[in-house]
Amino acid sequence: MDPRYVLRYPFLESSKEYVRDRGLSMEAIAADQYARVHELARGRIMDAIVGSEDPGALRGEVEERILSYPLARFVVAAVGDRNLVKWFAHREAEVSAGHLMEEDADFVLAVGKELGLEASAEGGAADAEARRVVKGVRPAGVDRMDAEKRVYWVTVTGYLQARQNISGPEWDLPNQRLVSGRIGLNRRRYVRLLQELMKRRIEAGLDQEASARGMGNLGRIIGQVRDMVESRRKAYKPASIGKVTITRMPPCMRQILGMAQSGENLPHHARFTLVTFLNSIGMPPEEIFKVFSTAPDFKEEIVRYQIEHITGQSSGTEYRVPGCDTMKSGGICYQPDTLCAREWMSSPYVYYRAKGRKDARKGEGSTS
Ligand code: SF4
């Protein structure tokens, strides 16, 4: 395989084979003569932790950069931190997806096939059908500005499987153009789905224990990475929102908050709902901001902008907490309990207020 592709897509089987053919064990790469590879691996991980905007910042010889990927994986596994695994997989997939946008269509299709989302991009009548403007509305999935003029056709099952963690109306099934049981996507959207699959592939195996005992330099790098993970956590330590407050939260919000705090990437509508809810119960924007700091796709400026927008600081419109019906149709009404079943239960905020009154009555009862 061309080493340039190994560099851009190190998670592909052919890339792994390329590295295997070098016949280098991890112990061998840990030796001092590979000090530059160590630095590159460390830089790669730091980039994932701090969210650098410049993937080209990691410079080195091609072979050194290629070896830095398996070494970085080894270090991430040895650190053994779930958030770090997510941050690393997210960043690596994001960078590779950026490259994939520039490749020729045959290569994109080959990557899609390997990742399990095979597409056909034949063009012709089906493409014309996908691009047809219906009642003045251009079908979702076909970008007006798509210079490639090609539609990538994927099966509905493959589409649903890949988009699990992507939300927003433009991804909802009813908004897709379906022709003969296949969904038509432009390159940008097809690659976005592949990015999710890349992330899953990169994550695979990183939860297995790895020990750097006796590997000299690597122990030092692992220590530095651990410190960096800790400082990101400390800098954006999720707010303690108080025991009483948490017990008043409805099951949906506890679930979403737990996902955010354990480093899961929240679907857009879950993130929106959590911000509106925390804002409605009086959490200051700065504390809401900290709740999202462990998300793999955390970008300080973007998160600040979103919170300021939703809480009305910058937009002048304070968005209200969505109702239970909306939550249900969005698939984020998690494990409703008996209080949720009351006929007047209309939103997570109503739940929170009702639970507060209930708890207060209990408190009065216990002191009398
Ligand atoms: S019923 Fe409403 S408050 Fe209860 S879990 Fe569902 S969305 Fe949340």
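Start at 1 and go down the list; that is how both ligands and their atoms are numbered. By convention here, the first residue in the shown sequence is residue 1. These numbers come from the heavy atoms of this one structure, side chains and all, not from hydrogens, waters or symmetry mates.
Criterion: ILVMFWY side-chain heavy atoms under 4.5 Å apart, direct or through other members. Under it, Val191 and Leu160 are part of a common hydrophobic cluster.
Nearest protein heavy-atom neighbour of atom 2 (Fe) of ligand 1: Cys324 SG, 2.4 Å. Scanning all protein heavy atoms for the shortest distance to atom 4 (Fe) of ligand 1 gives Cys340 SG, 2.3 Å.
A donor-acceptor contact under 3.5 angstrom links the side chains of Arg189 and Gln176, judged on distance only. In summary, the side chains of Tyr351 and Asp337 do present a donor paired with an acceptor at a separation below 3.5 Å, with no hydrogens or angles considered.
At a cut-off of 2.8 Å, Cys252 is not counted among the residues with an N, O or S atom near atom 2 (Fe) of ligand 1.
The Cys333 neighbourhood of ligand 1 comprises atoms 1 (S), 5 (S), 6 (Fe), 7 (S), with distances under 4.0 Å to a heavy atom of that residue. Applying the 4.0 Å criterion to heavy atoms of Pro250 picks out, from ligand 1, the atoms 3 (S). Residue Tyr334 approaches ligand 1 through these ligand atoms, each under 4.0 Å from one of its heavy atoms: 5 (S). Here is the list of ligand 1 atoms found below 4.0 Å of a heavy atom in Met327: 7 (S).
The distance between the ring centers of Phe107 and Tyr9 falls below 6.0 angstrom.
At least one donor-acceptor pair closer than 3.5 Å links the side chain of Arg73 to the backbone N or O of Ile202.
With salt bridges taken as basic N to acidic carboxylate O contacts below 4.0 Å, none links Arg200 and Glu203.
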